[in-house]
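Structure, as structure tokens:
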There are 2 protein chains.
Amino acid sequence: MARSSKRQDVLAGALTVFARDGYARASIDVIAAEAGVSTRTLYNHFGDKAGLFQAVIQESATRVAAAQLAIVESHLTEITDLESDLVAFGIAWRTPIPDFAEHWALVRQVNAEAGHIPEDAIDAWQEAGPLAVQRAIADRFAAFAADGLLRLDDPVRAALHFALLISGSNLSYRGGPKPDLADTVTTGVHAFLHGYAG
Amino acid sequence: MARSSKRQDVLAGALTVFARDGYARASIDVIAAEAGVSTRTLYNHFGDKAGLFQAVIQESATRVAAAQLAIVESHLTEITDLESDLVAFGIAWRTPIPDFAEHWALVRQVNAEAGHIPEDAIDAWQEAGPLAVQRAIADRFAAFAADGLLRLDDPVRAALHFALLISGSNLSYRGGPKPDLADTVTTGVHAFLHGYAG
DNA sequence: GGGTTAGTACAACGTTCGTTGTACTTTGAG
DNA sequence: CTCAAAGTACAACGAACGTTGTACTAACCC
């Protein structure tokens, strides 16, 4: 087994366990077992549980952000019909890459645990993840506005509104029948472009 | 000290501690101290930690939902100018009633912990809280649509979109400089009504 | 091939926590 | 006032957990 891969193994196992159980519930022994690693190497790499957690959220955020930036790049550069292109973008955006499900569960853990995470770590995490993606979308929207495709004052806020509208949000991470993705995105994009005024 | 108030004391203390620390971190002894109650009476009332948690989220959800339903009632019945009335509603909606800050922190805990809470409890919580409020807003929106004030196919989805747009959402529960509430609501309502199409 | 480096297995520690039992005290209704 | 119901103080338990030290083994570089 290659030595340098152990670190990645630990990060992957810790992501799984932290995302599922949260910081407090997650036990070092379970993480080590999930990663196929002894607890001692885990401590040798990351110092303690808090250090491991911060490394995990940072790594997961940058990895997912990179994937999302690629989707922005590939879907929001050449525009033929804005509405259908936004729908295609939204669907690509929200299509659940299976490995990323754990990331979103981890995001919920971070949201809940924010008061127990050092501020530096939260800031770095936001910068590497959500804020970077939000800025990328905002840049594209600003370009669309310059071309007269959109009418907006604050591109960052517009990007936030777009992300919210296609998120569908509520409690869908529970089992149950998941709402139709295409429906959620199509109606979200429609609301984003045209609003509900009568 | 009135006997029947002990139960409410426990619920209030448990809300504070669960909201701040999360289920796993929260300890029974700390909750009992916060409530000014012995651990034994806590167990006598709620059985065990899980039972207490479910009672707390249910009570908090119904209490906040009642307050929100009152705001819907008082702001969305008589409409003079839809946009300004929606702004006023959004501001009243989002104005942080101080006691309710703990509730929203608890919501984040529930979102993170959903996999470790029995499905019945989650369902009951959703029904007593978010879904009831969402339906109330949807009913008002449907009435507005009947009057030609709004143009929509699915009132429930429109209510969700409205709630998302005025939520401002991102990580504002952290300290730092909180974004201007009036700004967030005004722009959110504008996007909700008119969209961003150029 | 030898030696440094990284990884493992394992025991041990101190602490924290949920939970229960028990004997005692307070409270409130009749 | 009386007495049953509710609350308290306190000790005790078993289990789980984070963390460290240590002696041993496997992997890699020259």
Side-chain angles (χ1 to χ4, degrees), chain A residues 1-59 106 109-110 112-118 121, chain B residues 1-59 106 109-110 112-118 121:
Chain A
M1 168 128 355
R3 264 144 67 160
S4 71
S5 80
K6 289 284 168 182
R7 183 171 234 274
Q8 296 303 319
D9 292 349
V10 174
L11 286 173
L15 170 61
T16 298
V17 178
F18 279 136
R20 186 203 327 126
D21 294 340
Y23 180 83
R25 256 195 174 86
S27 93
I28 295 286
D29 290 322
V30 170
I31 292 174
E34 177 78 29
V37 157
S38 82
T39 69
R40 209 59 178 81
T41 66
L42 188 152
Y43 278 104
N44 286 339
H45 274 291
F46 299 99
D48 59 0
K49 194 184 180 184
L52 174 61
F53 186 73
Q54 294 183 26
V56 168
I57 67 175
Q58 189 72 13
E59 208 263 350
L106 185 66
Q109 302 294 348
V110 172
E113 203 84 357
H116 300 282
I117 305 174
Chain B
M1 172 127 350
R3 263 140 73 158
S4 71
S5 80
K6 290 284 168 182
R7 183 172 235 272
Q8 296 303 320
D9 292 348
V10 174
L11 286 173
L15 170 61
T16 298
V17 178
F18 278 137
R20 182 197 335 124
D21 294 341
Y23 180 83
R25 256 194 174 87
S27 93
I28 295 285
D29 290 321
V30 170
I31 292 174
E34 177 78 31
V37 158
S38 82
T39 69
R40 210 58 178 81
T41 66
L42 189 153
Y43 278 105
N44 285 340
H45 273 292
F46 298 99
D48 59 0
K49 193 183 179 184
L52 174 60
F53 186 73
Q54 294 183 27
V56 167
I57 66 175
Q58 189 71 15
E59 208 264 349
L106 186 67
Q109 301 294 346
V110 171
E113 203 85 357
H116 300 282
I117 305 174

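Lettering of chains follows the sequences in order, A, B, ..., and the numbering in each one begins at 1. Side chains are part of it too, since the values below use all heavy atoms of this structure and drop only hydrogens, waters and symmetry mates.
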(Q) Return whichever of A/Val30 or B/Ser38 has its heavy-atom-nearest nucleotide of DNA chain D closer to the 5' end. (A) B/Ser38
Q) Within a strict 4.5 Å, meaning less than it, do heavy atoms of the A/Gln109 and A/Asp21 side chains meet? A) no
What protein N or O atoms touch nucleotides 19-22 of chain D N or O atoms at under 3.5 angstrom, if any, and at what distances?
from: D/dT19; atom 1: OP2; to: A/Tyr43; atom 2: OH; distance (Å): 3.2
from: D/dT19; atom 1: OP2; to: A/Lys49; atom 2: N; distance (Å): 3.0
from: D/dG21; atom 1: N7; to: A/Arg40; atom 2: NE; distance (Å): 3.1
from: D/dG21; atom 1: N7; to: A/Arg40; atom 2: NH2; distance (Å): 3.2
from: D/dG21; atom 1: O6; to: A/Arg40; atom 2: NE; distance (Å): 3.3

Q: Give A/Ala26 one of three labels, base, sugar-phosphate or nothing, depending on what nucleic acid heavy atoms sit under 4.0 Å from its own.
A: sugar-phosphate
Q. Would one find a side-chain N or O of A/Lys6 under 4.0 angstrom from OP1 or OP2 of D/dA27?
A. no
Q. Relative to the 5' end of DNA chain D, which residue comes earlier, A/Ser27 or B/Gly36, by the nucleotide with the nearest heavy atom?
A. B/Gly36
Q) Taking atom P of D/dC17 as reference, at what distance in whole Å does atom CD1 of A/Ile31 sit? A) 11 Å
Q) Looking at side-chain heavy atoms only, is the closest gap between A/Phe46 and A/Gln54 below 4.5 Å? A) no
Q: Return the value, rounded to whole Å, for the distance between atom CZ of A/Phe46 and atom P of D/dG18.
A: 16 Å
Q) Within the pair B/Thr41 and D/dG7, is there a side-chain N or O less than 4.0 Å away from OP1 or OP2? A) no
Q.
Tell me whether the rings of A/Tyr23 and A/Phe18 are parallel (<30°), tilted (30 to 60°) or perpendicular (>60°).
A. parallel
Q: From the options A/Asn44, A/Asp29, A/Ile31, select the one residue that forms a side-chain contact (heavy atoms from CB on, under 4.5 Å) with A/Thr39.
A: A/Asp29
(Q) Contact between A/Leu52 and A/Lys49 at the side-chain level, heavy atoms closer than 4.5 Å - yes or no? (A) no
Q: Figure out the CG/P separation between A/Leu52 and D/dC17, and round it to whole Å.
A: 16 Å
Q. Taking NE2 from A/His45 and P from C/dT5, how many angstroms apart are they, rounded to a whole number?
A. 15 Å
Q: Mind calculating the distance between CG (B/Asp21) and P (C/dT16) to the nearest angstrom?
A: 15 Å
**Q.** Side-chain touch B/Glu59/B/Arg7, heavy atoms, less than 4.5 angstrom
**A.** no
